[in-house]
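The sequence lines fix the lettering, A, B, ..., with proteins before strands; numbering per chain opens at 1.
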Number of protein chains: 2
Amino acid sequence: MLARVSTTPSFKRLPRAVREQQMLDAAVKVFSRRGFHAASMDEIAEDAGISKPMVYAYLGTKEELFVACLHREGTRMMQAIAGAAAPELPADERLWRGLRAFFGFVGAHRDSWAVLYRQARGEQPFAGELASMRARLVEVVAGMLDHALRAEGREAGETDLDVIAYALVGATESLADWLADHPQADPEKTATRMMNVAWVGAGQLLRGDSWRPPTP
Amino acid sequence: MLARVSTTPSFKRLPRAVREQQMLDAAVKVFSRRGFHAASMDEIAEDAGISKPMVYAYLGTKEELFVACLHREGTRMMQAIAGAAAPELPADERLWRGLRAFFGFVGAHRDSWAVLYRQARGEQPFAGELASMRARLVEVVAGMLDHALRAEGREAGETDLDVIAYALVGATESLADWLADHPQADPEKTATRMMNVAWVGAGQLLRGDSWRPPTP
DNA sequence: GAGCATACCTACTCGTGCGTAAGGTTACGC
DNA sequence: GCGTAACCTTACGCACGAGTAGGTATGCTC
């Protein structure tokens, strides 16, 4: 059965770097739709318009491939945010630009978001990878809050700050999910809403206007 | 090899209802540690102290078993919350009790939380199941906000309310994750922190003190 | 235009784990 | 005391998918 009847000779022989990107594109797409375990290397290869051994030759095993996806998409996202929020700007401007960049990215790359936060979360081998990215975000947000507070001559405990930052990051992720599930929604508007919750809410709160549990 | 040498005759024959609970306990444990796909029916059966066909006889296929876990844990959680937050109380009291019950539950049932929110999230077949639970929570929170607002004679757009509720639920989930990863942390204190973010922040915000994007 | 490296393929092996068939054992009703 | 139904087992079939062996074509260099 090696008859090799002139099947469409539409083989474009492409340089390695290009094929790798195509494979990563396909992998992100399939992983985001199926999840890590349910995704099959065959489907990824087929979607990339290539055969399976090529994937193994270029990107390695399934886990390595997933990590490669995580890295590429994560780096892209972080760059989009960091590029927008220059550190010399005032805190609220910085926060606003960061949020806008973030929601813009999620709106434009829903697959990336799905891979990064919906898939990598549950799978044990990658949870660490994600947690560190998240931790960095929390640090940045906590830093902003602290900075803004000091500018007003006030101060807050470190744990309080961290926990509030954690909550804000969680709220942001949640809205990102909402955005990813509502294709007609406007990223800009979502960013504005989040900015409201973060800036007005947290600001007021850290300024000392706190709620105390009833003492029965 | 049917020699049946008196292997420990420690077989306790138990009624169906009891065994089912044991199986569900084991399933929740294994699913939460390994994730849905990586969990094996053999391990679940072994952990439950029973053999595999029994699991199939009582709870059905792997997917059905997972759904059963989801239902039991989800119902437990919802009941814990609903039982604490009686609808005739004032809104802030209700919110406070609900949050306290929620974080108390997560602190006491880390496995349940892991199954509900870390595992079921990514897996396609169950995303809907979860989304509906979440949607109900968002409804409730949005209702509370609306109620509190009207009590002050103000009003807000429906979408705004929903989105803010969504953000608050996300922040709460995020803190729940934090709590689940910090066994020494105090659920009560975490609830207080979340209450602060939710009540002071959202209240102030909905009262009209909103942030507006710069118009360049 | 010979040689060599790189791109690419088809067609397999093999482990893992879901789901089941067929049969043994204990408790309870009569 | 004995049948019968519910409980429980061992041992297997079978599909699916990760990873590989070994071979073919194409372009680039001298």
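Distance NZ (A:Lys62) to P (D:dT20): 15 Å, rounded to an integer number of Å. Rounded to whole Å, atom C1' of C:dT16 lies 14 Å from atom CD of B:Glu43. Here the C1' atom of nucleotide C:dC12 and the CG atom of A:Asp42 are 13 Å apart, to the nearest Å. For the pair A:Arg13 CZ and D:dA25 P, the interatomic distance rounds to 11 Å; values are reported in whole Å. Rounded to whole Å, atom C1' of D:dT26 lies 18 Å from atom CZ of A:Arg16. Distance NE2 (B:His37) to C1' (D:dC16): 12 Å, rounded to an integer number of Å. Put simply, CZ on B:Phe31 is 13 Å from P on C:dG17, counting in whole angstrom units. One interatomic measurement links the two molecules: CD of B:Glu63 to P of C:dC18, which rounds to 12 Å at whole-angstrom precision.
Among the atoms of the strands shown, none is found under 4.0 Å from any heavy atom of A:Ala38. The residue B:Met54 sits close to a base: some heavy atom pair falls under 4.0 Å.
Of the candidates A:Lys29, A:Arg76, A:Arg33, A:Asp111 forms a salt bridge (Lys or Arg N to Asp or Glu O under 4.0 Å) with just one, namely A:Arg33.
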| said: Please determine whether side chain to side chain contact (heavy atoms under 4.5 Å, CB included) holds for the pair A:Asp25 and A:Arg72, giving the CA-CA distance in whole Å, both sets of side-chain angles, and the decisive distance to 0.1 Å. | reply: CA-CA 10 Å; A:Asp25 290 342; A:Arg72 196 185 67 166; 2.8 Å; yes
| request: Check step by step if side chain to side chain contact (heavy atoms under 4.5 Å, CB included) holds for A:Phe102 and A:Met194. | output: CA-CA 11 Å; A:Phe102 172 74; A:Met194 188 57 221; over 6 Å; no
| Residues A:Arg100, A:Thr190; criterion side-chain hydrogen bond (donor to acceptor under 3.5 Å, both in side chains); working and verdict | CA-CA 8 Å; A:Arg100 204 170 49 168; A:Thr190 311; over 6 Å; no
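Aromatic rings from B:His109 and B:Trp113 are positioned such that their centres are separated by 6.0 Å or more.
Across every non-hydrogen atom of B:His37 and A:Ala38, the tightest pair is NE2-CB, 3.9 Å.
DNA chain D lies under 4.0 Å from at least one heavy atom of each of the following residues of residues 44-52 of chain A: A:Lys52.
When the side-chain nitrogen and oxygen atoms of A:Arg19 are compared with OP1 and OP2 of C:dC8, one or more of them lie within a distance under 4.0 Å.
Here the side chain of B:Tyr58 is nearest to one of D:dC8, D:dG19, C:dC8, namely D:dC8. With distances taken from any side-chain atom of A:Ser40 to the nucleotides D:dG17, C:dC18, D:dA21, the minimum falls on D:dG17. Checking D:dG19, D:dG27, D:dA21 against the side-chain heavy atoms of A:Tyr56 singles out D:dG19 as nearest.
Side-chain contact between B:Glu64 and B:Leu59 is absent, with no heavy-atom pair separated by less than 4.5 Å.
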